[in-house]
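Before any comments, here is the structure.
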Amino acid sequence: MKYEVVMGLEVHVELATESKLFCSCSAKFGAEANENVCPACAGMPGMPAVTNKKAVELGIAAALVTNSEITRTMFFDKKNYFYPDLPTGYQITQLFAPICRNGWVEIETGEGKKKITLKQIHIEEDAGKLVHDNRTGTSLVDFNRASVPLVEIVSNPDFRTAEEVVTYLEKLRSLLSFAGVSDCKLQEGSMRCDVNISVREKGSDKLGTRTEIKNMNSMKAIAAAIEFESQRHIDALETGSEVLVQETRRWDDNIGETFSMREKENATDYRYFPNPEIMPIVISDEWISAVRESLPETAQDKYIRLTQKLGLSEYDSSIITGSKNLADIFDETMKYFNKPKEVVNWIIVELLAIAKGDNKGGDDVKIDCKKFAKLIELVDNNTINRGVGKKLLSLVWKEGIDPDVYVKENNLGMVSDTDMIGQVIKNILTMHSKSVDEYKSGNQKVFGFLMGQVMRELGGKADPQVIKKLLTDLLAGK
Amino acid sequence: MIDIRDYEAMEKLSLSEAERNWVSSCAELLLKSFDELEKIEADVDPLITVLDILNIFREDVAVKKVSREEILSNAPEQYDGYIQVPKTLE
Amino acid sequence: MNRVVLEDCIMQKGIPVTAGSKILENFISPLTATVVNKLLDHGNVIVQRAKMYEFGIPNFFTDDSDEIPEAIKVVKDGVADYSLCNDLFGKYRRNAAETGCCYIHPTYGTVSRFGLIPLVSSMDQIGVVCKSIPEGLKLLSQIAGNDLEDGAMFPEKFYDYAKNKQSISVGIPESIVNKADQETQSAIKEFAEKFNSVNVDLEYFDVYKQVMMILSCAEISNNISRYDGIKFGYRASGYKGIDDLYIKTRSEGLGVETKLAAIMGAMVLSKNQYTPYYEQATKIRRLIKESLRFDAYDIIVLPCCISEDPYENLSLFALPNLVGLPCASFSYKGQGIQLIANVKNENLISTAWEVCMA
């Protein structure tokens with residue numbers, strides 16, 4: 001390969017706060033259009049900005065997990081431009097004194113470990129959302145997302161392959177979601193990635209023309225967009241078919257190509273200046289230590305705990321720690337039922353299967369952990385069998401039933417009275433005397449048939465091991 | 001006369017000729033007076049906020065202050081719960 | 001029960017609030033300003049809203065000192081006991097003093113700006129037009145105090161403006177006072193004789209107006225960018241596309257003084273001029289703050305007029321806004337003068353007023 005691809009990333013991550021950055025509207029995703037909007041985040045005058053303390057703390061947490069140097073006196077700036085999704089005509093962001101600089105994130109690549117260095121992380125407010133409406137031929141503005149807090153993580157141009165980019169994003173997602181900074185969902189837009197890309201001849205230290213690609217909302221799309229765009233650069237260099245210009249390009253996932261965004265690119269002057277409404281923020285040693293101490297376990301530490309202390313397999317542990325959500329479900333369920341192997345088994349085998357049926361992955365599974373723990377316990381102590389347990393899980397998932405109550409009300413508990421089971425078996429043997437004869441003359445296969453008959457008679461509510469033993473004994477004439 | 005059209009564009013303004021002449025002549029006067037500032041040696045940090053107070057925060061609690069209707073009722077055009085504007089993308 | 005008038009930049013829920021502008025016509029305020037709630041809590045009555053010129057931005061080059069803002073007229077004519085407004089460029093201070101009223105500009109960060117249409121955020125401060133300084137401070141004590149809805153305030157919940165000081169020393173910037181007319185000069189001289197007085201050299205006075213102008217225009221251009229015809233207020237008709245909507249709306253909806261401020265703001269913040277203009281002004285702002293010597297005097301006395309040129313006069317009014325100091329203007333011996341004190345020292349101004357009026 002004659003060429004080298006050089007990439008830098010700007011990753012936007014929405015902070016996991018209850019309320020917005022400068023007003024007290026809810027920051028939750030998924031509300032009706034313009035439901036989470038107040039006069040301040042609708043751009044109305046007379047509403048001074050008051051900074052959300054939690055957002056700054058999550059910014060400090062982001063700085064800590066990326067090994068960054070925290071700015072001890074930081075402030076906010078205003079960036080001026082007009083766009084309908086920007087209610088005030090300016091975005092409050094950080095240019096002059098961002099929350100931190102010079103961090104790094106280590107990733108595993110095919111060629112070993114690699115450090116990706118970060119230029120800076122800054123806190124800023126998100127813009128609203130524009131929906132392009134074909135019926136009316138207009139654009140529709142929704143300010144729910146306006147002023148939701150974000151951090152933008154700006155890397156140096158350290159990436160050479162799409163694989164490195166994806167690995168880095170996975171690592172960032174793990175670091176930030178486990179630290180409680182963000183839920184980092186690409187599909188919901190709480191994690192967004194812009195890629196700055198240029199191509200040069202290998203060995204050259206001069207960078208080629210740089211383009212920025214936006215609008216990728218999955219890891220697959222990011223990899224595909226990088227593949228497409230780097231090939232476009234290489235073709236242009238090879239054949240001269242096209243002159244590369246420095247510009248922003250939009251990835252179209254359906255077509256599988258990038259397209260030039262002609263808007264607001266020509267020589268925009270954002271007229272940044274320090275925000276005079278917001279007092280400087282001093283981040284003390286004490287504050288940093290307090291945030292550090294409050295940081296939850298990282299994915300890596302959790303993996304070590306699961307494999308070494310709890311004795312779980314590497315495979316199971318990597319699945320659980322691959323998703324902050326699954327890890328939370330595991331920890332929460334363990335509070336109510338402390339058998340790690342059982343809990344992991346139920347999460348990985350049963351819960352994920354049910355979730356998959358509803359088109360959900362590990363990050364979106366939601367379950368009442370107390371009820372989940374209860375049903376695992378009911379199976380574990382033989383109150384119900386595993387088949388009933390699975391049915392109950394789907395009822396907990398869909399209807400939120402209480403397993404304990406449901407088992408009692410529907411009489412699903414296991415029959416443990418061996419005399420009664422013995423009586424049922426005797427009846428079955430009498431009814432199927434032909435099969436009994438076959439068995440006695442050496443046809444072992446009919447054992448399964450008889451077993452099935454007994455199970456059916458008992459409605460699946462007896463322990464198969466118990467039935468098996470009693471049946472074997474009775475057939476042997478004991 | 002200084003050319004102010006780039007600044008008009010930044011401010012999303014298009015001035016009439018009379019306005020442009022007046023603004024431009026005022027701007028010329030002002031800029032000339034601003035040049036006095038460069039004579040002052042100011043080797044200090046900028047002063048942005050005059051209060052000597054730091055770290056003013058709000059706790060992270062979500063509160064709903066006004067209804068959606070109260071926000072939308074001020075919009076010149078609205079549609080289906082959204083504020084309506086001309087198409088921004090081709 | 002006081003009768004209070006609100007200038008049209010102070011918001012009242014359900015009521016049109018335009019700050020004197022066309023671009024905010026149709027804007028119905030969704031919330032009520034904190035100062036209004038506090039006034040009502042203390043049993044005051046809002047009798048009227050006063051008209052104002054657009055956003056309170058004056059014409060910096062034309063002398064309009066005989067055009068009295070309605071917020072002052074209503075107090076002068078006895079229609080109201082007080083009115084509230086936001087004097088950034090000195091017009092209210094001068095007009096109040098020249099019509100026999102008083103204007104109290106409180107310490108920056110002591111009166112909530114929640115519900116005040118913002119203009120220059122680092123200087124905006126609601127002030128009181130009144131008949132006497134002690135009376136004005138009584139009203140001020142009702143509206144001052146920390147508000148969690150304003151992120152740039154001192155923490156105190158209440159202020160006691162009644163504290164007294166035995167002897168007040170006044171600083172007289174003689175070189176500036178000498179620029180005023182004879183009558184004003186002798187009034188200030190008479191005033192000074194009632195106190196220990198010292199000559200003060202207000203370093204940087206000659207560039208106060210430039211610093212004030214640069215910072216104000218930058219913040220004005222930013223604060224008015226929210227007026228774009230998208231979410232509220234005026235939207236032009238007959239536009240073609242989104243950019244045209246912005247341009248038509250703002251060009252039709254804003255007055256020429258506001259347009260001048262916006263364009264000057266864009267200029268001083270633009271990439272190539274940020275450092276020589278905006279940043280230099282913020283640095284000189286610090287020098288100005290550090291140049292004051294409130295250990296040598298309690299209050300500074302200034303005239304309300306030294307020139308026919310409003311831009312020249314701007315330097316007279318810039319200091320309280322640039323540094324966040326309390327200030328009051330009133331008529332003494334028929335001449336407009338103003339007193340400036342250190343942060344939260346409104347009571348010294350009041351004491352001086354009582355001494356000189358005795």
Side-chain angles (χ1 to χ4, degrees), chain B residues 2 4-16 18-20 22-27 29-31 33-53 56-59 65-67 70-78 83-89, chain C residues 26-28 30-31 60-61 108-109 122 148 151-155 204 206-207 209-211 213-214 221 225 228-233 235 239 241-243 245-247 250-251 254 256 259-260 262-264 266-268 270 276-277 279-287 289-290 311 322-324:
Chain B
I2 47 173
I4 57 168
R5 282 172 300 182
D6 281 353
Y7 304 106
E8 288 179 40
M10 285 182 204
E11 293 291 327
K12 298 282 182 206
L13 288 169
S14 171
L15 270 52
S16 70
E19 285 178 326
R20 188 172 292 149
W22 183 75
V23 169
S24 173
S25 66
C26 294
L29 271 171
L30 287 170
L31 288 179
S33 82
F34 293 170
D35 288 339
E36 296 287 308
L37 297 188
E38 78 185 272
K39 296 176 193 153
I40 294 171
E41 197 166 317
D43 193 16
V44 291
D45 287 336
L47 179 65
I48 306 300
T49 56
V50 294
L51 288 189
D52 292 324
I53 292 191
I56 298 183
F57 293 119
R58 178 175 63 74
E59 292 304 319
K65 283 197 176 143
V66 299
S67 70
E70 282 173 282
I71 296 294
L72 292 176
S73 65
N74 260 307
E77 286 174 68
Q78 51 164 307
I83 294 164
Q84 196 175 24
V85 298
K87 228 176 185 176
T88 54
L89 270 183
Chain C
N26 311 325
F27 176 61
I28 308 294
L31 291 167
F60 293 104
F61 301 99
Y108 180 81
S122 76
L148 297 175
M153 293 196 79
F154 285 108
Y204 309 111
D206 290 337
V207 295
K209 59 179 183 292
Q210 287 94 328
V211 175
M213 200 66 189
I214 289 171
S221 79
S225 59
D228 58 5
I230 303 288
K231 300 111 4 188
F232 52 85
R235 180 184 283 192
Y239 49 81
I242 185 72
D243 214 46
L245 184 157
Y246 278 130
I247 293 171
R250 290 170 59 83
S251 300
L254 296 172
V256 71
K259 286 172 179 166
L260 170 64
I263 281 167
M264 292 312 298
M267 244 180 234
V268 300
S270 63
Y277 293 143
E279 192 184 49
Q280 179 74 350
T282 60
K283 288 178 171 179
I284 298 173
R285 189 180 196 181
R286 180 173 299 280
L287 292 178
K289 185 180 182 189
E290 290 173 355
Y311 185 50
L322 287 174
V323 185

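Every chain is numbered from 1 and lettered A, B, ... according to where its sequence line falls, protein lines coming before strand lines.
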Across all chains, not counting sequence neighbours, the ring-ring contact (aromatic ring centres under 6.0 Å, His included) partners of C:Phe154 are none
One should read off an interatomic distance between B:Asn74 CG and C:Ile28 CD1, to the nearest 0.5 angstrom, of 6.5 Å
* To do: For the pair C:Ser251 (side chain) and B:Ser14 (backbone), establish whether a donor and an acceptor sit closer than 3.5 Å, ignoring hydrogens and angles.
  => yes
When rounded to the nearest 0.5 Å, the distance separating CD1 of B:Ile71 from NZ of C:Lys231 is 11.5 Å
Whatever's closer than 4.5 Å to a heavy atom in chain B on C:Ser225 counts as neither
The side-chain contact (heavy atoms from CB on, under 4.5 Å) partners of B:Ser25 (sequence neighbours excluded) come to none
Applying a strict 4.5 Å limit to non-hydrogen atoms, the region of C:Leu322 in contact with chain B is backbone
Rounding to 0.5 Å, atoms CZ (C:Arg235) and CD (B:Glu77) come to a distance of 4.5 Å
Given C:Arg285, C:Glu290, C:Met153, the one with more heavy-atom pairs under 4.5 angstrom with chain B than any other is C:Arg285
Per-residue tally against chain B (heavy atom, under 4.5 Å) across C:Leu254, C:Ile284, C:Val268 peaks at C:Ile284
Okay, B:Glu38 and chain C: the region with an atom under 4.5 Å from a heavy atom over there is backbone
Most contact-rich option vs chain C, by heavy-atom pairs under 4.5 angstrom, among B:Ala9, B:Ala27, B:Ser24, B:Ser16, is B:Ala27
Heaviest contributor of heavy-atom pairs below 4.5 Å to chain C, chosen from B:Leu51, B:Ile48, B:Ile53, B:Val23, is B:Leu51
When rounded to the nearest 0.5 Å, the distance separating NZ of C:Lys259 from CZ of B:Arg20 is 10.5 Å
Measuring only between side-chain heavy atoms, which start at C-beta, is C:Asp243 closer than 4.5 Å to B:Lys12?
yes
If one checks every heavy atom of B:Thr49 against chain C at 4.5 Å, the contacting part turns out to be neither
When the 4.5 angstrom heavy-atom criterion is applied to B:Glu41 and chain C, the contacting part is backbone
| query | Can you check whether C:Ser122 reaches B:Leu47 side chain to side chain, under 4.5 Å on heavy atoms? | reply | no
Heavy atoms of B:Pro76 and C:Gly229 approach each other most closely as CG-O, 3.6 Å
Give a yes or no on this: more than 12 heavy atoms of other residues, nucleotides or ligands lie within 6.0 Å of atom CG of B:Asp6.
no
- Between B:Glu19 and C:Leu260, is any pair of side-chain heavy atoms under 4.5 Å apart? no
Check: B:Phe34 and C:Gln280 side chains under 4.5 Å, non-hydrogen atoms
no
Check your understanding: Between C:Lys289 and B:Asp52, is a salt bridge (charged side-chain N to carboxylate O under 4.0 Å, His left out) present by the stated rule, with each step listed?
Key -> CA-CA 12 Å; C:Lys289 185 180 182 189; B:Asp52 292 324; 3.1 Å; yes
Between C:Asp206 and B:Glu36, is there a side-chain heavy-atom distance shorter than 4.5 Å? no
Taken to the nearest 0.5 Å, the spacing of C:Phe61 CZ from B:Cys26 SG works out to 4.5 Å
- request: Give a yes or no on this: more than 12 heavy atoms of other residues, nucleotides or ligands lie within 6.0 Å of atom CG of C:Leu148.
  value: no
May I ask you to test the B:Ile4-C:Met267 pair for a side-chain heavy-atom distance under 4.5 Å? yes
Taken to the nearest 0.5 Å, the spacing of C:Glu279 CD from B:Leu37 CG works out to 12.5 Å
Residues C:Ser270 and B:Met10: closest non-hydrogen pair is CB-CE, 4.2 Å
Okay, B:Leu29 and chain C: the region with an atom under 4.5 Å from a heavy atom over there is side chain
Under 4.5 Å to a heavy atom of chain B? For C:Val323 that would be backbone
Honestly, the part of B:Val66 sitting under 4.5 Å from a heavy atom of chain C is side chain
What one should report as the nearest heavy-atom pair of C:Pro30 and B:Glu70 is O-OE2, 4.4 Å
Okay, C:Ile263 and chain B: the region with an atom under 4.5 Å from a heavy atom over there is both
Okay, C:Tyr108 and chain B: the region with an atom under 4.5 Å from a heavy atom over there is both
Is there side-chain contact between C:Tyr239 and B:Pro86, with heavy atoms separated by less than 4.5 Å?
yes
Measure the shortest side-chain to side-chain distance between B:Ile40 and C:Lys283 over non-hydrogen atoms and say whether it is less than 4.5 angstrom. no
